[in-house]
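Sharing a structure, written as structure tokens. Questions coming.
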Amino acid sequence: MLRVENLVTRFHTYDGVVRALEGVSFEVREGEIFGLVGETGCGKSVTTYSTLRLLPSTGRVHSGRITLSGESLLDASESRMREVRGGEIAMIFQDPLSALNPVMRVGDQIAESVWLHDDLPDADAVAVRVEEVLGEVRMPDPAGAARAFPHELSGGMQQRVMIAMALAGRPKMLIADEPTTALDVTIQSQVLQLLRQLKQEAGLTVLLITHDLGVVAELCDRVAVMYAGTIVETAPVEELFSDPKHPYTQGLLAALPGASETLAPVPGRVPDLLAPPSGCRFHPRCPLAVDRCRAEAPELRGDTRQVACHEVEP
Ligand SMILES: Nc1ncnc2c1ncn2[C@@H]1O[C@H](COP(=O)(O)OP(=O)(O)OP(=O)(O)O)[C@@H](O)[C@H]1O
Ligand SMILES: [Mg+2]
């Protein structure tokens, strides 16, 4: 459904050119939950902002291709992109309160998304649709929630409202950027369960962005591991955990005390993307590095399992 090929995105800053993404490729298939996982600053959010063409003015997609069901998003007009955002690819963010309008009733905020993307005859039909969407996200009292202001709802309920707003436009795909980081553990698992139900019952396709391997294990079908603006490995989730191929992925998994812990860094530091390492960006931290790794960036090779490493076969 969504295919990203060799995406290169850079920021032009006073300090120089930040080489944020250097050839990112992955594919999200219809009806799956695809995880994009990696340490802070590795380029997860820049990947989604590039996809939706929401980069700040200093950021530019330098090269690459992004297609949604075959349509090139980098070549689409700005008015077409406004339809795509929310109508075909909806996004939910980390902090629900900052994305909700505090002085507007929840139902009216969802109604705005409905008006924008749905062709309904009148306000009554919109109100019905608003309650329907709140029901889809398992809001306990949809009519009551629609009349509430955001601060009157708990954090988990606010996150449900965010997901309802995203689903109101009947998108093909949902991009969830760290949707559970700001939530406590119980609410986090409720939101994850909701995403799973939406996938199973409504066939929703999800690109889930997280730094939490526990979330990946619990929810995703396939996963791509990012490191310093590159994809180092792509795999079905069970295979990634049972047989990690890339030295970086192996380090991440070895550093996990339990299956549901947040990523612990591999020895060494994440590189400065103003002056990234030559060749493979992981080579300064890699136990397997040879001369070739310093000179030449490895391509992502393989089929169902993909690895970007000179020393490892996919
Ligand atoms: N506006 C910007 N100007 C310059 N550099 C930027 C800008 N936005 C992001 N970057 C750089 O791009 C890289 C990737 O950032 P990004 O926000 O995508 O990371 P992330 O993987 O989403 O991290 P996190 O887990 O903290 O959300 C970082 O090195 C960051 O410093
Ligand atoms: Mg981010």
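Along the sequence shown, the residues carry numbers beginning at 1. Whatever order the structure lists them in is the order used to number ligands and atoms, beginning at 1.
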Any Lys/Arg nitrogen of E71 or R80 sitting under 4.0 Å from an Asp/Glu carboxylate oxygen of the other?
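Judged by the 4.0 Å cut-off on N to carboxylate O distance, E71 and R80 do form a salt bridge.
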With ring centroids as reference points, do H246 and F282 lie under 6.0 angstrom apart?
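So the answer is yes for these two rings.
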Kindly state each residue pair satisfying salt bridge (Lys or Arg N to Asp or Glu O under 4.0 Å) with at least one member in residues 143-171, sequence neighbours excluded.
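Non-adjacent pairs meeting salt bridge (Lys or Arg N to Asp or Glu O under 4.0 Å): D118-R170.
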Looking at E313 and R305, does any basic side-chain N land under 4.0 Å from a carboxylate oxygen?
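Result for this pair is no, no salt bridge flagged.
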Salt bridge or not between E27 and R3? Use side-chain N to carboxylate O under 4.0 Å.
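Looking at R3 together with E27, the answer is yes, because their closest N to O distance falls below 4.0 Å.
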Could you check whether R105 pairs with D108 (Lys NZ or Arg NE/NH1/NH2 to Asp/Glu carboxylate O, under 4.0 Å)?
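Here R105 does not pair with D108 in a salt bridge, since their nearest N and O are not under 4.0 Å apart.
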Using a strict threshold of under 4.0 Å (side-chain N to carboxylate O), is an ion pair present between K199 and D221?
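Yes, this pair counts.
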Side chains of S72 and T67: donor-acceptor distance under 3.5 Å anywhere?
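No, T67 and S72 have no side-chain donor paired with an acceptor closer than 3.5 Å.
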Residues which pass salt bridge (Lys or Arg N to Asp or Glu O under 4.0 Å) with K172, listed by chain and number, not counting sequence neighbours
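Per chain and number, K172 pairs via salt bridge (Lys or Arg N to Asp or Glu O under 4.0 Å) with E88.
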Near ligand 1, at a heavy-atom separation below 4.0 Å: residues by chain and residue number
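For ligand 1, the contacting residues are F11, T13, V18, A20, E39, T40, G41, C42, G43, K44, S45, V46, P56, E178, L273.
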The Mg ion (ligand 2): protein N, O or S atoms that are less than 2.8 Å away, sorted by chain:
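Checking every protein N, O and S atom gives S45 OG.
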